[in-house]
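Values below: all heavy atoms of this structure, side chains included; hydrogens, waters and symmetry mates excluded. Whatever order the structure lists ligands and atoms in, that order sets their numbers, starting from 1.
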Amino acid sequence: MREIDITRGIIGNHIDDFYNALESDVIIVGGGPSGLVAAGLLAEKGVNVTVLEKRLAPGGGIWGGGMGYKYVIVQEEAVHMLDHFSIPKREYEKKFYAVDSIALASGLIFGAVKRGVNIFNLVTVEDLLIREGRVTGVVINNVFVQMNQFPVDPLTLEAKAVVDATGHDHDVIATLARKNDVKLNTPTGKTLGERSMFAKSAEELVVENTKEVYPGVWVCGMSTASVYGGYRMGPIFGGMLLSGEKLAGMLLDVCSK
Ligand code: 48H
């Protein structure tokens, strides 16, 4: 056994995956629940999907459950998505299910990977490619470069569609709006900011506001609240799953054109 054979296997396979991601159909920025659901559903239809996640582990806000208590809640309307990804649940009250957050995070991650989604962790999106009024790709860097503020230039990836699935931070749209004189597809043309907790309305709005916010960029999950002025909902996750499902349907149309 030679150690460099191990190294060769890692570098070669990583570079193959990275090459495959240079021109994706869909790039999803953020590996939280909404992004992972969309990624898995698109990949199972043959779409070439890349997910970029800046943390070590994808899963976003799932892992911590509610205040560190490890369950999250999913309402009946979204249970079909749990079943689709073979994630166990427990009905604790009529129409409400408790889901082990570890099972949900790991189930969605593996569900995406086994359907062919190319997930890169430790990669942060720091800027966008914009050509003729349309977002055509992302500018990426290693997250340690960003954390240490090293002067290391980034690389780029292209896609037919870019998704802001970055959660509360709405990092992609915030960057788009900060660096460019653009009018977003929102009532004011700008981001509206997230509002305080109101679970029922929040869950409805997160799905309603899953849409194309600027040519070439879609928002899903919690970033819709920051962009469209929705409420937060606390540790109920059905809206995130349904937002991912709606997004996948929209992008399937885009990719088949
Ligand atoms: C690469 C990035 C970047 C970047 C961020 O927050 P998430 O879990 O996202 P959602 O919207 O799918 O789910 C939201 C849910 O987890 C939640 O927070 C809820 C329900 N809150 C309710 C409440 O009341 O608070 O995941 C987003 C992911 C994270 O893993 C980030 O690390 C990642 O995106 N990310 N990845 N480049 N620039 N910015």
Among all protein heavy atoms in this structure, tell me which lies nearest to [atom], with the distance rounded to 0.1 Å.
| atom | answer |
| --- | --- |
| atom 37 (N) of ligand 1 | Val125 N, 3.1 Å |
| atom 38 (N) of ligand 1 | Asp171 OD2, 2.7 Å |
| atom 29 (C) of ligand 1 | Glu53 OE1, 3.5 Å |
| atom 11 (O) of ligand 1 | Met222 N, 2.7 Å |
| atom 15 (C) of ligand 1 | Phe237 CE2, 3.8 Å |
| atom 36 (N) of ligand 1 | Lys54 N, 3.2 Å |
| atom 5 (C) of ligand 1 | Thr166 CB, 3.5 Å |
| atom 10 (P) of ligand 1 | Ser34 OG, 3.6 Å |

Contact between Val172 and ligand 1, counting heavy atoms under 4.0 Å? no
Taking a cutoff of less than 4.0 Å between a non-hydrogen atom of the residue and any ligand atom, is His168 in contact with ligand 1?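 In this structure, His168 qualifies as a contact of ligand 1 - some heavy atom is under 4.0 Å.
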Proximity to ligand 1 by part of [X], non-hydrogen separation under 4.0 Å:
| X | value |
| --- | --- |
| Met240 | side chain |
| Glu126 | neither |
| Ala165 | backbone |
| Leu36 | neither |

Is there a side-chain contact between Thr186 and Thr191, using heavy atoms and a 4.5 Å cut-off?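 Of all side-chain heavy-atom pairs linking Thr191 with Thr186, none is under 4.5 Å.
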Validation row: Met240, Val206 side chains within 4.5 angstrom (heavy atoms): yes
[atom2] on [Y] to [atom1] on [X], rounded to 0.5 Å:
| X | Y | atom1 | atom2 | value |
| --- | --- | --- | --- | --- |
| Met81 | Leu242 | CE | CG | 8.0 Å |
| Asn209 | Ser226 | CG | OG | 11.0 Å |
| Tyr92 | Ile73 | OH | CD1 | 3.5 Å |
| Leu22 | Leu155 | CG | CG | 9.0 Å |

Nearest heavy atom to atom 13 (O) of ligand 1, choosing from Gly221, Gly59, Pro33, Gly238, belongs to Pro33
Can a donor-acceptor pair be found between the side chains of Gln75 and Glu203 at a distance below 3.5 Å? yes
Indicate whether any N or O donor in one side chain lies under 3.5 Å from an N or O acceptor in the other, for Glu245 and His80.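 Checked: Glu245/His80 side chains pair up, N/O donor to acceptor below 3.5 Å.
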Can you check salt bridge (Lys or Arg N to Asp or Glu O under 4.0 Å) on Arg90 and Asp100, steps first, answer last? CA-CA 9 Å; Arg90 191 189 300 157; Asp100 183 318; over 6 Å; no
For the hydrophobic clusters of this structure (ILVMFWY residues joined by side-chain heavy atoms under 4.5 Å, transitively), does one cluster hold both Val217 and Leu157? yes
More than 12 heavy atoms of other groups within 6.0 Å of Phe96 CZ: no
Which atoms of ligand 1 have any heavy atom of [X] under 4.0 Å away?
| X | value |
| --- | --- |
| Arg55 | 32 (O) |
| Leu52 | 1 (C), 36 (N) |
| Gly61 | 7 (P), 8 (O), 16 (O) |
| Gly167 | 6 (O), 9 (O), 11 (O), 27 (C) |

Arg232 N/O under 3.5 Å from ligand 1 N/O: yes
Please name the residue in the list Leu82, Ile62, Val79 that meets the side-chain contact (heavy atoms from CB on, under 4.5 Å) test with Val99.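 Testing each of Leu82, Ile62, Val79 against Val99, the sole residue satisfying side-chain contact (heavy atoms from CB on, under 4.5 Å) is Leu82.
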